[in-house]
Amino acid sequence: MSPPRDEAELLTRARQLAGLTLHELSVRISQPLPPDPRRAKGWIGIAVEKALGAQGASRAVPDFPDLGVELKTLPVDRRGRPRESTFVCTVDLSEIGDMEWHESRVCRKLSRVLWVPVESELGVPFPARRVGQPLLWSPSHEEQDELRFDWEELSGMIARGELDRVTGHLGKSLQVRPKAANSRARRRYHDDTGVAHRTLPRGFYLRPSFTERLLTGTFFVTDGV
DNA sequence: GATTGATCATGT
DNA sequence: ACATGATCAATC
């Protein structure tokens, strides 16, 4: 599958995936379904990448480098509400001190995102789960302000060497949580006074309440009734 | 039931 | 080790 030439082609391809079951998706990309989905947490994301013609899944660039578009699959329940937070990027412990929001990895990563919801309902077997309608998104001014507010609070604490006081409780829309192979993993960093620390690697995540709003659009109230 | 901290797999 | 792709599962 060649990469899409422009956003329109990408969106057309994504819309053609809507309604497919994961089994049908696996046939389309000639990639077997994982025998134990609990041990293949990234399977859906990589499968959708393949189906859309994304480039290498393991490189530190957007999924569609020429378009500057990032792909995110989003597990949703039957009402279309996100069931999980969304990983954005790792917390950069080396250069977080002197960084402006607009040049941050969080801001750049979220500047253009193709969201692909995927059914993730307890009662529905993995092969029968369906791909949903995609949304090509950039943050509104309001969303940008929200994310920036949280990012400045969190990155400010980290720069002051207070990372071990940063828990998942902080941040209305954006939070910091562990992102590591296990809880024993450690990574070194220097705060803005040059003091060295070793700490559990962390990542920035979007809360489900944030992704829920962007899926439906902030101008519509959704109460499930 | 929602949320936070922990974890799984693969590629460079 | 660290990046990619996230979900699992203990706890609140």
Side-chain angles (χ1 to χ4, degrees), chain A residues 3 14 17 22 25-26 29 31-65 69-96 105-106 108-110 113-127 129 131-132 150 154 157 163-189 198-213 224:
Chain A
L17 297 182
L22 295 186
L25 180 63
S26 80
I29 62 174
Q31 199 72 25
L33 287 165
D36 184 359
R38 286 176 306 177
R39 294 189 161 274
K41 297 178 181 179
W43 191 89
I44 296 176
I46 293 167
V48 173
E49 282 181 357
K50 282 199 164 192
L52 294 177
Q55 301 302 287
S58 303
R59 296 159 55 215
V61 293
D63 298 294
F64 302 96
V69 173
E70 179 72 20
L71 173 68
K72 289 291 183 190
T73 58
L74 188 59
V76 297
D77 65 18
R78 67 167 68 93
R79 294 157 70 186
R81 303 170 67 122
R83 288 177 46 82
E84 288 285 353
S85 56
T86 300
F87 174 71
V88 179
C89 59
T90 53
V91 174
D92 192 330
L93 296 171
S94 59
E95 54 177 328
I96 195 143
R105 298 173 67 195
V106 175
R108 280 182 286 140
K109 197 94 172 185
L110 296 179
V113 180
L114 180 69
W115 297 96
V116 178
V118 177
E119 180 180 21
S120 171
E121 194 68 47
L122 310 82
V124 182
F126 191 83
R129 296 181 181 177
V131 179
D150 289 340
L154 296 165
M157 291 179 69
L163 178 53
D164 289 331
R165 288 184 46 229
V166 176
T167 69
H169 297 275
L170 299 176
K172 179 192 174 198
S173 303
L174 187 72
Q175 64 179 169
V176 167
R177 304 224 307 278
K179 169 66 171 174
N182 57 61
S183 60
R184 279 95 62 195
R186 287 296 181 271
R187 192 176 201 176
R188 50 191 304 180
Y189 81 104
R198 292 185 73 79
T199 190
L200 184 63
R202 318 297 169 92
F204 286 106
Y205 294 78
L206 297 175
R207 291 186 180 278
S209 57
F210 182 85
T211 49
E212 179 183 349
R213 277 181 284 133

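In this text, all values refer to a predicted model and were calculated from it rather than measured experimentally.
Comparing Leu71(A) and Arg187(A) by the nucleotide of DNA chain C that holds the closest heavy atom to each, the one mapping nearer the 5' end is Arg187(A). Both His169(A) and Ser183(A) sit near DNA chain B, but only His169(A) has its closest nucleotide nearer the 5' end. Both Thr73(A) and Pro201(A) lie close to DNA chain C; mapped to their nearest nucleotides by heavy-atom distance, the more 5′-ward contact belongs to Pro201(A).
Across all strands shown, Pro34(A) has no heavy atoms under 4.0 Å from either base or sugar-phosphate atoms. In this structure, Gly42(A) reaches the bases: a heavy-atom distance under 4.0 Å links it to at least one base atom across the strands shown. Within the 4.0 angstrom heavy-atom criterion, no nucleotide atom of any strand lies near Phe126(A). Within the nucleic acid shown, Ala180(A) comes within 4.0 Å of at least one base atom, counting heavy atoms only. Contacts of Arg83(A) with the nucleic acid, taken as non-hydrogen atoms under 4.0 Å apart, are absent. If you check every strand for non-hydrogen atoms under 4.0 Å, Ser120(A) touches nothing. Within 4.0 Å (heavy atoms only), Leu200(A) reaches sugar-phosphate atoms of the nucleic acid but no base atom.
Between dT7(B), dT3(B), dG5(C), one nucleotide has an atom nearer to the side chain of Asn182(A) than all others, and that is dT7(B). The Pro178(A) side chain lies nearest to dA6(B) when the options are dA6(B), dA9(C), dT3(B). Nearest to the side-chain atoms of Lys41(A) among the listed nucleotides dA6(B), dG5(B), dA3(C) stands dA6(B).
Here the C1' atom of nucleotide dC2(C) and the CZ atom of Phe87(A) are 11 Å apart, to the nearest Å. Leu174(A) places its CG atom 12 Å from the P atom of dT4(B), with the value rounded to the nearest Å. Whole-Å rounding puts the Trp43(A) CH2 to dG11(B) C1' distance at 18 Å. Whole-Å rounding puts the Lys172(A) NZ to dT3(B) P distance at 14 Å. One atom, CZ of Arg184(A), and another, P of dA1(C), lie 13 Å apart when rounded to the nearest Å. When the C1' atom of dT7(C) is taken as reference, atom NZ of Lys72(A) falls 13 Å away, rounded to whole Å. In this structure, Leu170(A) atom CG and dG5(B) atom P are separated by 9 Å, rounded to whole Å. Put simply, CZ on Arg105(A) is 12 Å from P on dC2(C), counting in whole angstrom units.
With Arg202(A) contributing its side chain and Lys179(A) its backbone, the two residues share no donor-acceptor pair below 3.5 Å. The backbone N or O of Cys89(A) sits nowhere less than 3.5 Å from a side-chain atom of Tyr205(A) that would complete a donor-acceptor pair. Remark: the backbone N or O of Ser120(A) is paired with a side-chain donor or acceptor of Arg83(A) at under 3.5 angstrom.
Residue Arg39(A) places none of its side-chain N or O atoms closer than 4.0 Å to OP1 or OP2 of dT7(C). Checking the phosphate oxygens (OP1, OP2) of dT4(C), a side-chain nitrogen or oxygen of Lys109(A) falls inside 4.0 Å.
The residues Arg38(A) and Asp36(A) are annotated as salt-bridged, a charged nitrogen and a carboxylate oxygen being separated by less than 4.0 angstrom.
Counting heavy atoms from C-beta outward, Phe64(A) and Leu52(A) have side chains that approach closer than 4.5 Å. Contact of the Leu74(A) side chain with the Pro82(A) side chain is registered, since non-hydrogen atoms from C-beta on lie closer than 4.5 Å. Contact annotation: the side chain of Leu170(A) never approaches that of Asp150(A) to less than 4.5 Å [non-hydrogen atoms, C-beta and beyond].
One can find a donor-acceptor pair under 3.5 Å joining the base of dG5(C) and the side-chain atoms of Lys179(A).
Between the axis at the start and the axis at the end of the helix from dG1(B)-dC12(C) to dT12(B)-dA1(C) there is an angle of 30°, using five pairs per end and rounding to 10 degrees.
In terms of heavy-atom proximity, Ser85(A) sits nearest to Arg177(A) at OG-NH1, 3.0 Å. The nearest pair of heavy atoms linking Ala14(A) to Leu114(A) is CB-CD2, 4.0 Å.
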